[in-house]
*Asks:* 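Take this structure first; my questions come after.
As the structure lists them, so they are numbered: ligands from 1, and atoms in each ligand from 1. This structure is a prediction, so every number in the text was calculated from the model and none was measured.
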Amino acid sequence: MTWDEYQNTLKELGYSFGDILAIKPAFEFAQETHKNEKRMSGEPYFTHPVSVSLHVAQLKLDADAISASLLHDVVENQGIKIETIKKRFGDEVAFLVEAVTKVDSVHYKGVEREVESLRKMFLALAQDIRVVIIKLMDRLHNMETLEFQAPKKQQRIAEETLELYAPLADRLGIWEIKAKLEDLAFPFVNPQKYIWLKSQVESQRKHGKELLEKLRPRVEYELKKEGVKTEKILYRTKHLYSIWKKLLKYEMDFDRILDIVAMRIIVNNIADCYKTLGVIHKLWKPVPGRIKDFIALPKPNGYQSLHTTVFGPEKRIVDFQIRTTDMHKEAEFGIAAHWAYDESGKKKTVTKINDKKIEWVSRFQKWYQEHKNFPTKDLLLDLKIDFFKDRIFALTPKGDVIDLPDGASPIDFAYHIHSEVGDRMFGAKVNGKMAQFSTILKSGDTVEILTQKNKKPTADWLNHTKTSLARNKIRSFLKKRGQKPQEISETLEITVTAKDRVGILKECSEVFYRFKVNIDDLKTDFKDKKYPKLIFSCKEPGSNSYKILSSLKKIRGILNVAARSSPR
Ligand code: MN
């Protein structure tokens, strides 16, 4: 791509003349530095930083981030010194390039490697979100060109993408990127399943779209009659990998996956969203339990929309998603939308993000600062589970959203407000009623923590906490008082979905024996004959649990491994 083409693309994306002028030297420097280098595809290497920077530009990051994306491989590939970058492009760009380079330099192999990348990624997140975004876009372009890598490398990169990069994009609310990463990784991780699913879904998608096309004029007419102006009507097709995950959950039963295609209606304001929902329900009967109001109660990552499923014409099931233009923008850009240029043209800096919806980022950053010597391996893996587990969102009495992992208790809630609130907690009200410390919170619960000056945490609190944040605070409090934290050991339940074949059970059991873990109970679930489930229970094996899970995943014919721990 020539500079002229590049600058036109930036212009179209809304970058100012000043920005473009600031980015130009980085473009030229990268072009010159990589000039004798080639990608595996045989293309000039420079095409890579250009693609990465344009992916970043689509999320409307600032000019420094674009420059850093252009320069992100000059240190590692061409031995350019950070000092040189500092001199030519300033401190900010140099800092970003250095941080991205650090995430890249992973030395270990196997599980250690995974831990190392995780640690580096979390460090980057703690420093500056732009670094993580650049890494995500770097990975996106590497996935787009993965076919040119050696098969063994393809496998590792694709697995890592599913394990780390896609969940990260999800947590940052960049769902489009998350879906792209997953769909790009899927054929490399499970080629046969990918081909099978693709052929299954294609016809369903086509029929679904045809149905929506038919309904569209009716919807438009009725909305107009009610005085609702529709900005846009789009058809959203569910991504292959998310269909796959749903199939695994629903015993491979295609009929239970309703939302392969949905009609997405974009309107001007919130009132019109609800009006639209009413219009649709007047036209067709809603399927019970499928109406979701993510406007009144946004998802923890900020996602807002109304969802509903209706019994359409000819008894066919139809999905609708309704949202405003702003919500749509948010869904496209995720967390990046929060530092896009505002109307006055002034730049919001990353450190100033204080939007409630992404409060977890600043909370995470603060927490990371407090654990400077951290993270030990175990803590890091704990944190990964905390971080990527299914989330719930509970509310403070003032309506602030506290984002917690599934299974969290009022104790977790208290520590997530502030460690002092946790340490002094003597009671909790959930939805206005006194609740036990062990209560498992649900999304939408309003939780009020009652504190008392002389109250102190006790060892048994550890049995009712899910988050490493709360556990660490309680442990360090107990340690200070010279008490030994006594924990009741937990049960770990591992559900393995596997293709039915001789010897699979034996191979799974061997994994447990290898790590000297006794299987206390084994259940089998043959509801789906082709893909039975094996459910192993054992005493929570601590740091080995992660190794067991990853070893199980590597067994031939295993489709999915899920773990859940619960107190005995
Ligand atoms: Mn790169």
*Asks:* Can you list the residues that meet the salt bridge (Lys or Arg N to Asp or Glu O under 4.0 Å) rule with Lys533, with sequence neighbours excluded?
*Replies:* Glu251

*Asks:* Have Asp73 and His34 got a donor and an acceptor in their side chains that come within less than 3.5 Å?
*Replies:* no

*Asks:* Below 4.0 angstrom, N of the basic side chain to O of the carboxylate: do Lys86 and Glu98 qualify?
*Replies:*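 Salt bridge absent between Lys86 and Glu98.
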
*Asks:* Could I get the full list of salt bridge (Lys or Arg N to Asp or Glu O under 4.0 Å) partners for Glu176, not counting sequence neighbours?
*Replies:* none

*Asks:* Quick test of your reading: applying salt bridge (Lys or Arg N to Asp or Glu O under 4.0 Å), list the pairs with at least one residue in residues 142-152, sequence neighbours left out, ordered by first then second residue.
*Replies:* none

*Asks:* By residue and atom, what protein N/O/S atoms are less than 2.8 Å from the Mn ion (ligand 1)?
*Replies:*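 Metal shell, protein only: His48 NE2, His72 NE2, Asp73 OD2, Asp138 OD1.
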
*Asks:* Which residue in the set Glu159, Gln155, Lys153 passes side chain to side chain contact (heavy atoms under 4.5 Å, CB included) when paired with Ile157?
*Replies:* Lys153

